[in-house]
Amino acid sequence: MLDTQYQAKDHESQIYKLWLDHDCFNPDSKINQNLRAKSKKGQESYSVIMPPPNANDPLHVGHAMFVTLEDIMVRTARMQGKDTVWIPGTDHAGIETQFVFEKKLKKEGQSRFNFDRETLFKMIWDYVGENSAIAVDQIKKLGASADWSRYKFTLDQDIVKTVLETFTKMNDDGLVYRTNRLVNFCPKCGTAFSNLEVDHKEQDTSLYYIKYGPFVLATTRPETKFGDTGLAVHPDDKRYQQYIGQEIEVEGLNGNFNLRVIADEMVDPEFGTGVVKITPYHDFNDFAAWQRHKAELPEPIQVVDFEGRLTAAAGKYARLKVAVAREQIVKDLEEKGLLVKVDKNYHNNLSVCYRCGNPIEPLPLPQFYIKVKGLTDAVSQRLDQGEIKVYGAGHDKILRHWLDNLEDWNISRQIVWGIRLPIWYKIEENLDAQITFIDTEKQRVSGKLSELLEKYSIDEIRNGLQNINASIEAKYLVSQENPGDNYLQETDTFDTWFSSSQWPFVTLMNNKPGDFERFYPTATMETAYDILMFWVMRMLMMGIYKTGKAPFKNIYLHGLIRDAKGQKMSKSKGNVVNPMEISEKYGTDALRMALIIRSSAGLDKSVSDGDFKATRNLSNKLWNASRFILLSKEENKEKPIANCSNDQAFEEKLQAITKEVTKNLESFQIGVAADTLYNEFWHWFCDQCIEESKKGLINQDLMFKGLLIFLKLLHPFIPFVTEAIWQELVKENLVEEKILASSAWPE
RNA sequence: GAGCCCGUAGCUCAGUUGGUUAGAGCGCUUCAUUGACAUUGAAGAGGUCAGAGGUUCGAGUCCUCUCGGGCUCACCA
């Protein structure tokens, strides 16, 4: 007989093992085939692709949220007899992982510059391998009914092959191009980022008013002045009409130089002095201005390098870090009498790296881009046609906005942890490429390929290769195979999102034979709203491009989990809820229920200890109600079944609850479904009906039937306790179906 | 500057085509308790659904405006 209290810890791991032993999560298992054979919906396919968490990161509460929501959807569909699969996986998480690994290297007194790229890749691979069980084990602990026999990792060979095929197809279709543009470069992380990966931080900074010949102009970045190639004023600015088109002489820190004055509407005559210096290689607006005025302006000059130091163009300031150089330059300008004034309380937004928080430098770098216009239009069209539905407070509108305004996608990343671009440079055609490699003496060598080849063999360069920076006009070949010994492969890797945007179809195409036809398009993509444009939007673009079909029919976006006061959780605030701790303390069921009950698509949710206690109590309530019903069933075994006065009302209500909960689940009202079940089970079934049954107003057997229905309806939400009770019923021979997880949904 | 979301009980939040006395959890008050459960039960206090106007037989729900909070994007060098 059951204990008087339900102790989640005593049951959960055994229950999960029981499910695995019966292969309950695999659509091809006997038990699920039998379930489907009896179901009207047996022909209907239902698939969910799990958003792959970072392979070597412990889970946070957001993961618990997605596991719970998706598990509810999947368990419901499975019990409804649909051909159901939930495909799990993990992500190599390019920059995230390399960033963490580099911190580890730093602790050991090393840095990425000490290794050639193949060695570094291998080291990260091993590191991830050591830790990759973490995420998977924790997902299991959360009760995920995912089919582990279909598990995939983003760097699995077959996955990579398909990703590269997609790239090749895009290249063949003319969607890929290489160009030299300003990129968002993080000197600390050593890589460029797409616009989406740049954060903006409000800051108070200084606005320096500097003398430029007859003008005074305001700038926040005096250290880039050595890259000035012109000055700009507004075409209608009366003050400066006489100078437009003229060259003026400017006194500088490295001697005098000349700048031409151009007229451009981008200049706001009201701001500062109405004069702007044009520094095309270090400011996005200036770069655009330079492109408009190429005929009037000289070639741009790069003053800041990829390590965040000034280049030789800065004369005596060369090799200084940007911040140091700025201080020094301001001081020197002041001494020379070129600094007119400083506005110290200037407020603006600084672009910072979303990963490390350091300032982003706009820098010129040839990169590979994908033309997005056709891809985004195709997505908009599907949305117009209602082929894809978005659940989540207003986020559909945000998706639309992005689709209409997305700029071409920079897919090159200067890191090693990722899928290397299948781009090849023929050596004899690219002798001007800039190369960095580690020679056999473990020395880091940089230089022009032609010069390096005089001292080193091509094999030595290839083996120690760190970085190739081919010229802007470089000729290249796209090939998934090595085209020959006279080629060097591009050292850039794909943006992580380039591979994860293909996740729904690559996982299905490279799984059991027939999976793609059987499960694509998938039913629902469920994820947090904060990666809507990084991931969901791009999955739509890539899925439609590659397969002609949107990769999913529904998008369910959940909100962020916040603390009891509604504050965002963060390590520095110390208010982080660790799902594993909650699971240990209150049980996984309590964790799951607390996260999703009364949650609403697209909106954030606060949780506190009180919430977990309340849902833990639900498990206990269910356990004890079951105990009572079993006890009374045992006692009344000999008595004939008699009809009682409230039987009919009981059955009707039970039916109504089943209908309502099913409807809620099918219309993505998951928080409402949970709330309904909680209240109806506790306050109606327990508080009311059990009491009535004690008075003989409801038939005991009917109560048992009611219990079975509640166990089934509650199972997707709190799978462990419901299954634990079910197994007691199996032991007592009271039910036919051996596993609740693969039992039929009530009608 | 633009867009999006939110404002419902002391706190955290549900309330999807507008429809009976507006709900839950936690907290609070009083009482109960040997046929399951104190991780319990019963009863109760507590809301002019941010404010104003409008549409309607009827508005927490739809429209307009105002105020307050949050998020995102874009920005003046």
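Values below: every heavy atom of this structure, side chains too, minus hydrogens, waters and symmetry copies. First the proteins, then the strands, lettered A, B, ... as listed; each starts at 1.
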Side chains of residues 611-618 of chain A: which donor-acceptor pairs under 3.5 Å do they make with residues two or more places apart or in other chains?
residue: A:Asp611; atom: OD2; partner: A:Ser608; partner atom: N; Å: 2.8
residue: A:Asp611; atom: OD2; partner: A:Ser608; partner atom: OG; Å: 3.3
residue: A:Thr615; atom: OG1; partner: A:Ala590; partner atom: O; Å: 2.8
residue: A:Thr615; atom: OG1; partner: A:Asp611; partner atom: O; Å: 3.1
residue: A:Thr615; atom: OG1; partner: A:Phe612; partner atom: O; Å: 3.1

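- With sequence neighbours excluded, the residues satisfying side-chain contact (heavy atoms from CB on, under 4.5 Å) with A:Ala724 are A:Tyr6, A:His11, A:Ile15, A:Trp623.
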Pairwise N/O distances under 3.5 Å, protein to nucleotides 45-47 of chain B:
none

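- For A:His401 and A:His395, each mapped to the nucleotide of RNA chain B holding its nearest heavy atom, the one lying further toward the 5' end belongs to A:His395.
- Residue A:His200 places at least one side-chain N or O closer than 4.0 Å to OP1 or OP2 of B:A74.
- With sequence neighbours left out, the salt bridge (charged side-chain N to carboxylate O under 4.0 Å, His left out) criterion links A:Arg181 to no other residue.
- The salt bridge (Lys or Arg N to Asp or Glu O under 4.0 Å) analysis of residues 268-286 of chain A, with sequence neighbours excluded, yields the pairs A:Asp228-A:Lys277.
- Taking a pair as Watson-Crick or G-U with both hydrogen-bonding distances under 3.5 Å, the stems of three or more pairs touching RNA chain B are B:1-7 with B:67-73, B:10-13 with B:23-26, B:28-32 with B:40-44, B:50-54 with B:62-66.
- Contact annotation: A:Lys397 side-chain N/O to B:C5 OP1/OP2 distance is under 4.0 Å.
- Between A:Asn348 and B:A77, a side-chain N or O to OP1/OP2 separation shorter than 4.0 Å is present.
- Listed by residue number, the members of residues 678-691 of chain A with any heavy atom below 4.0 angstrom from RNA chain B are A:Tyr678, A:Asn679, A:Trp682, A:His683, A:Asp687, A:Ile690, A:Glu691.
- Residues meeting the side-chain contact (heavy atoms from CB on, under 4.5 Å) test with A:Thr4, sequence neighbours left out: A:Arg627.
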Restricting both atoms to N or O, compile the protein contacts to nucleotides 16-19 of chain B shorter than 3.5 Å, with distance only.
residue: B:U16; atom: N3; partner: A:Gln669; partner atom: NE2; Å: 3.1
residue: B:U16; atom: O4; partner: A:Asn664; partner atom: OD1; Å: 3.3
residue: B:U16; atom: O4; partner: A:Gln669; partner atom: NE2; Å: 2.4

Can you name the atoms? Protein N/O to nucleotides 11-13 of chain B N/O, anything below 3.5 Å, with the distance.
residue: B:U12; atom: O3'; partner: A:Ser606; partner atom: OG; Å: 3.0
residue: B:C13; atom: OP1; partner: A:Ser606; partner atom: OG; Å: 2.9
residue: B:C13; atom: O2'; partner: A:Arg598; partner atom: O; Å: 3.4

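- Residues meeting the side-chain contact (heavy atoms from CB on, under 4.5 Å) test with A:Asn258, sequence neighbours left out: A:Glu247, A:Glu249.
- Near RNA chain B, defined here as any heavy-atom distance below 4.0 Å, the residues from residues 205-241 of chain A are A:Ala218, A:Thr219, A:Thr220, listed numerically.
- Distance CG (A:Asn624) to P (B:C37): 6 Å, rounded to an integer number of Å.
- A:Lys633 forms no cation-pi arrangement with A:Phe628, by the criterion of a distance under 6.0 Å to the ring centre and an angle within 45° of the ring axis.
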